[in-house]
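Each remark here refers to the structure printed beneath this line.
For clarity, every value in this text was computed on a predicted model and none was experimentally measured. Residues: numbered from 1 along the sequence shown.
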Amino acid sequence: MAKIVVVTSGKGGVGKTTSSAAIGTGFALRGQKTVIIDFDVGLRNLDLVMNCERRVVYDLINVVNEEATLNQALIKDKRTEGLYILPASQTRDKDALTIKGVERVLKELSTVFDIIVCDSPAGIERGALTAMYFADEAIIVTNPEVSSVRDSDRILGILQSKTKRAENGKGPVKEHLLITRYSPERVKKGEMLSIADIEEILAVPLLGVIPESKSVLKASNQGVPVILDPSSVAGQAYCDAVDRFLGKEIEHRFTQPSRMGILKRMFGGE
């Protein structure tokens, strides 16, 4: 049976889809047959980040409603062996997602894949709750700012009380913290929460710290998961996060001000 991993947060715009694409790609690169499902019904961004928007014919809602089979809807990634995408619908409402329909889809996927990554929409509406409901593990994505961390804390409460595991009295959803857009230089200036601040508030094991990097936006615009850019510090940090998730003990990088950051400050740079 596949492991179901939800990538979630309370606040929008923190990097969930970027993280889902990078982490899902990382799993596939390490030999785990992986599918990434876009649960953001009505918007749909995962196909853009994965550069497969022109190949979308059927979507998650079509499969949930039995209007198409998984074989018809799944899109094979052209760059990474063993990686597939199940896109969301742009024309349907989130109410089209039903627990029974999603459960049937996940059960069918579990017979084929090692890991199922659920890219959750922001907030606590139907799409987000459905994406979280069947999770075995959750990656909570947060930015180092108060509103983002507060909303992530709300999501933790939902993971602990409104998932299938919670309802059935099984072991809790295993939680991982992923901090995105982190700038040690700005933390030092007091403009961002520190890693220690966030860990103290959320009390969730730290999976990774993704540094603030222009390469993330560049990769998204080009439709290439940033983890495939070995020269990018963000890509390297996602690689580390994937390895930690799969059980490796790796020291966290990019958490201290860089020498370049000090030089920039000395000479008046940003």
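- The CD1 atom of I36 sits 10.5 Å away from atom SG of C118, with the distance rounded to the nearest 0.5 Å.
- The two residues F39 and T130 have their closest heavy-atom pair at CE2-CG2, 4.1 Å.
- Residue I195 forms a side-chain contact (heavy atoms from CB on, under 4.5 Å) with just one option from V187, T255, L177, and that option is T255.
- In terms of heavy-atom proximity, R44 sits nearest to A88 at CD-O, 2.6 Å.
- There is no side-chain donor-acceptor pair under 3.5 Å between T34 and Q32.
- Under 4.0 Å is where a charged nitrogen must lie from a carboxylate oxygen, and between R244 and E251 no such pair does.
- Partners of E67 by salt bridge (charged side-chain N to carboxylate O under 4.0 Å, His left out), not counting sequence neighbours, listed by chain and number: R92.
- Around atom CD of E81, no more than 12 heavy atoms belonging to other residues, nucleotides or ligands sit under 6.0 Å away.
- Summarising the geometry, atom CD1 belonging to I85 is positioned 11.5 Å from atom CD1 belonging to I37; distances are rounded to the nearest 0.5 Å.
- Nearest heavy atoms, L60 versus L97: CD2-CD2, 3.8 Å.
- Of all non-hydrogen atoms in T25 and P225, the two that sit nearest each other are OG1-CG, 3.5 Å.
- Atoms NZ and OG1, from K16 and T142 in turn, are 10.0 Å apart once rounded to the nearest 0.5 Å.
- Classification of R165 and D136 as a salt-bridged pair holds, one side-chain N sitting under 4.0 Å from a carboxylate O.
- Put simply, CG on L193 and OH on Y182 are 9.0 Å apart, with the number rounded to the nearest 0.5 Å.
- Checking S148 against D151 by side-chain atom types alone, no donor-acceptor pair falls below 3.5 Å.
- If you take CG on L70 and CG on N62, they are separated by 11.0 Å, rounding to the nearest 0.5 Å.
- Taking the six-membered ring where the residue is Trp, Y84 and F113 present perpendicular rings, their angle passing 60° and hence far from 30°.
- Closest approach of P211 to A237, counting heavy atoms only: CD-CB, 3.7 Å.
- Not a single salt bridge (charged side-chain N to carboxylate O under 4.0 Å, His left out) links R181 to another residue, sequence neighbours left out.
- Shortest non-hydrogen contact noted between D119 and S20 is OD1-OG, 3.2 Å.
- Geometrically, K164 does not engage Y133 in a cation-pi contact, judged by NZ or CZ lying under 6.0 Å from the ring centre and within 45° of the ring axis.
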